[in-house]
K.L.:
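This is the structure I have questions about; it appears just below.
Counting begins at 1 with the first residue of the sequence.
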Amino acid sequence: MTHPLLARRSSGILLHLTSLPGPHGSGDLGVASRHFLDWLVSAGQSAWQILPLSPPGPGHSPYQSPSAFAGSPWLIDLDELVARGWLDPLPDPGFDSQRCDFARVLPWRLAALRRAWAGFGRHADAGDRAALDEFARQQAAWLTDYARFMVLQERHGAPWTQWPAALARREPDALAALDATAAGEIGFWRFLQWCFFRQWQTLRTAAHVRGIQIIGDAPIFVAHHSADVWSRTGQFLLDDAGEPTVVAGVPPDYFSATGQRWGNPLYRWDAMAADGFRWWKDRLAHLFTLVDLVRLDHFRGFDAYWAIPADEPTAIAGQWCAGPAHGFFATVAKELGPLALLAEDLGIITDSVTQLREDCGFPGLRVMQFAFDGKPANPYLPHNFAPQTVVYTGTHDNTTTADWWQQASATEQQAVRDYLGPQADREIHWAMIQSLSQSVARTLVVPFQDVLGLDGRHRMNTPGQAEGCWTWRFDWLQVDDRPSNRLRALVHAHGRI
């Protein structure tokens with residue numbers, strides 16, 4: 001069964017929540033998120049695609065999270081906590097409106113959240129206390145270990161393999177002692193998750209009222225320093241000390257001559273299959289309570305994944321290993337039902353990856369910035385799209401289309417002109433959006449930067465670059481009525497409203 005959004009012609013916008021405007025240093029679940037929903041309606045859009053909602057990890061990447069289940073505490077709307085009387089009004093901290101200065105913002109937000117926890121303890125009514133307790137009970141399967149993990153991270157740092165041995169090994173007596181002596185700290189991290197999920201569901205309801213579907217994101221791998229790996233060591237390829245023996249990445253490709261060494265531990269797919277992929281079932285079921293569709297990151301890793309010896313500094317020395325393929329998706333779907341997944345099938349794609357995706361009935365992704373090698377059969381050219389496809393000008397891993405055009409070779413630029421016509425020289429972003437919107441692909445998603453025609457300073461992420469990514473924000477002063485009016489007229493003309 002195809003999700004209704006994918007069964008008709010539609011379009012949406014890619015924008016992560018941290019990029020939203022707001023006074024508290026980074027975008028969050030506050031009033032700007034409602035304003036953005038209204039902007040989507042004004043532009044005739046049906047979907048909002050976001051990056052993972054999980055807490056960011058090293059380099060502030062949402063793809064290196066300490067939990068595959070938790071929501072990011074840094075997305076909590078602090079003003080809502082003020083309105084509830086748990087937090088005193090916040091003075092203007094004077095943060096940059098154009099970028100997230102995480103080194104300043106996150107400690108400031110953490111301090112405010114701790115004050116809110118104290119305020120909750122003093123002022124919360126019986127209904128809120130009961131709601132928090134019920135949330136903690138319902139989510140205990142992941143929340144208990146996540147809260148413990150965050151407490152231990154604050155006490156002992158990272159990685160978890162260097163914590164006191166009894167805690168690293170999760171000895172029952174050590175965990176019981178932690179629960180007894182750190183009840184207040186554990187309660188704090190549970191409180192933050194309750195705040196996040198409560199606020200998120202309010203935003204999701206507001207989206208649905210406006211006819212907007214949320215497209216979420218599930219990274220295929222999880223961080224080694226995470227509650228998931230710490231609590232389930234037997235399902236990852238680790239040595240006796242808990243360290244990875246092999247790590248994830250991809251071989252040399254469009255983005256890097258030495259490949260990408262992500263560093264995530266790899267799954268013991270045999271162990272996961274033995275319990276019916278229980279962790280994955282729980283993870284996806286949980287995610288589908290938060291979003292309407294899920295972009296499944298690095299889909300090709302379910303067919304074959306690149307395994308890099310943990311002591312190798314680059315991805316060059318890796319090798320392909322067989323993934324769980326059809327058995328995984330059949331087992332998960334048997335319990336969860338039809339899976340509303342978008343298969344991120346970019347990069348080096350083999351016939352077996354394509355066959356797996358088609359057999360599962362998942363739409364693939366196409367990025368137009370990859371289209372112009374001068375070959376008419378290039379799968380990223382719009383005339384080669386299949387209807388069940390999600391198409392983009394670029395993704396969060398690409399530079400903006402305006403910057404891509406400036407960096408393109410003369411040969412590549414001529415190929416663009418031959419395909420898109422003279423509009424490419426004037427407005428490359430609109431030329432691409434128009435071509436994609438006219439195509440037979442049912443689903444169009446455009447990064448917000450490309451709707452605004454922004455340059456490379458507004459790029460979200462550069463693959464393989466550990467620092468300086470994920471910081472981009474916009475300001476409403478950059479947004480007038482022209483982009484939304486133009487986009488609405490365009491998608492209306494192409495039957496996407």
Side-chain angles (χ1 to χ4, degrees), residues 52 54 57-59 61-68 149 158-163 165 168-170 218-280 283 296-329 331-332 343-350 352-353 356 397 463-466:
S54 46
S61 170
Y63 293 90
Q64 292 284 349
S65 178
S67 172
F149 185 87
W160 61 264
T161 50
Q162 296 179 16
W163 293 350
R169 292 195 299 262
R170 295 175 51 82
I220 181 174
F221 299 118
V222 297
H224 175 252
H225 183 67
S226 66
D228 305 281
V229 177
W230 174 63
S231 63
R232 292 174 173 267
T233 53
Q235 298 205 324
F236 296 86
L237 291 169
L238 309 175
D239 62 21
D240 291 342
E243 299 291 348
T245 56
V246 287
V247 296
V250 290
D253 62 5
Y254 172 90
F255 290 110
S256 173
T258 58
Q260 298 175 46
R261 185 189 185 280
W262 298 333
N264 309 74
L266 293 170
Y267 299 115
R268 280 191 57 197
W269 285 116
D270 57 340
M272 289 192 153
D275 71 359
F277 303 104
R278 183 73 264 160
W279 179 83
W280 270 100
R283 180 188 182 191
L296 188 55
D297 183 53
H298 196 57
F299 176 79
R300 74 141 304 140
F302 291 94
D303 178 72
Y305 55 90
W306 191 246
I308 307 164
D311 57 359
E312 287 288 336
T314 74
I316 294 176
Q319 63 178 341
W320 290 112
C321 299
H326 293 78
F328 169 82
F329 292 105
T331 302
V332 173
E344 188 275 291
D345 57 346
L346 307 174
I348 302 171
I349 300 302
T350 63
S352 62
V353 176
L356 175 63
D397 282 336
Q465 182 174 307

K.L.:
If only atom types and distance count, is the side chain of Trp306 paired as donor or acceptor with the main-chain N or O of Ala315 below 3.5 Å?
P.N.:
yes

K.L.:
Side-chain contact test, heavy atoms from C-beta onward, threshold under 4.5 Å: evaluate it for Pro66 versus Phe149 and give yes or no.
P.N.:
yes

K.L.:
Does the side chain of Thr350 reach to within under 4.5 Å of the side chain of Trp320, using non-hydrogen atoms?
P.N.:
no

K.L.:
CZ/Arg278 to CD/Gln235 distance, rounded to the nearest 0.5 angstrom?
P.N.:
11.0 Å

K.L.:
Measuring from Ile220:CD1 to Phe299:CZ, what's the distance to the nearest 0.5 Å?
P.N.:
9.0 Å

K.L.:
Show the nearest heavy-atom pair for residues Leu238 and Pro265, with the distance to one decimal.
P.N.:
CD2-CB, 4.1 Å

K.L.:
Applying salt bridge (charged side-chain N to carboxylate O under 4.0 Å, His left out), can you list everything that pairs with Asp297, at least two apart in sequence or on another chain?
P.N.:
Arg295

K.L.:
Is Glu344 reaching over with its side chain to a backbone N or O of Leu346, donor-acceptor style, under 3.5 angstrom?
P.N.:
yes

K.L.:
Under the side chain to side chain donor-acceptor pair (under 3.5 Å) test, which residues partner His298, sequence neighbours left out?
P.N.:
none

K.L.:
Can you sort out the partners of Arg169 under salt bridge (charged side-chain N to carboxylate O under 4.0 Å, His left out), two or more places apart, ordered by chain and number?
P.N.:
Glu171

K.L.:
What are the two closest heavy atoms between Pro62 and Pro219, and how far apart are they?
P.N.:
O-CG, 4.3 Å

K.L.:
Does a side-chain heavy-atom distance below 4.5 Å link His326 with Leu356?
P.N.:
yes

K.L.:
Check whether the ring centres of Phe277 and Tyr267 lie less than 6.0 Å apart, and answer yes or no.
P.N.:
no

K.L.:
Listed by chain and number, what are the ring pair (Phe, Tyr, Trp, His ring centres under 6.0 Å) partners of Tyr63, not counting sequence neighbours?
P.N.:
His396, Trp470

K.L.:
Write down the atom of Ser67, the atom of Ser65, and the distance for their closest heavy-atom approach.
P.N.:
O-OG, 2.8 Å

K.L.:
Under the salt bridge (charged side-chain N to carboxylate O under 4.0 Å, His left out) definition, can you give me all pairs with a residue in residues 259-271, not counting sequence neighbours?
P.N.:
Arg268-Asp270

K.L.:
Would you name the heavy atoms of Ala317 and Pro309 that are closest together and state the gap between them?
P.N.:
O-CD, 3.8 Å

K.L.:
Among pairs that include at least one residue of residues 302-313, which meet salt bridge (charged side-chain N to carboxylate O under 4.0 Å, His left out), considering only residues two or more places apart or in two chains?
P.N.:
none

K.L.:
Say you draw a straight line from OH of Tyr305 to CG of Asn264; how long is it, rounded to the nearest 0.5 Å?
P.N.:
13.5 Å

K.L.:
Check Leu237 against Val246 and note the closest heavy-atom contact, atom names and distance.
P.N.:
CD1-CG2, 3.8 Å

K.L.:
Could you state the interatomic distance from OG1 (Thr245) to CG (Asp239), rounded to the nearest 0.5 Å?
P.N.:
7.0 Å

K.L.:
Find the distance between CZ (Phe328) and CH2 (Trp280) and round it off to the nearest 0.5 Å.
P.N.:
5.0 Å

K.L.:
Check whether any side-chain heavy atom of Val229 sits under 4.5 Å from a side-chain heavy atom of Val222, and report yes or no.
P.N.:
yes

K.L.:
Using only atom types and a distance under 3.5 Å, with no angle test, would you say the side chain of Trp160 pairs donor to acceptor with the backbone of His224?
P.N.:
yes

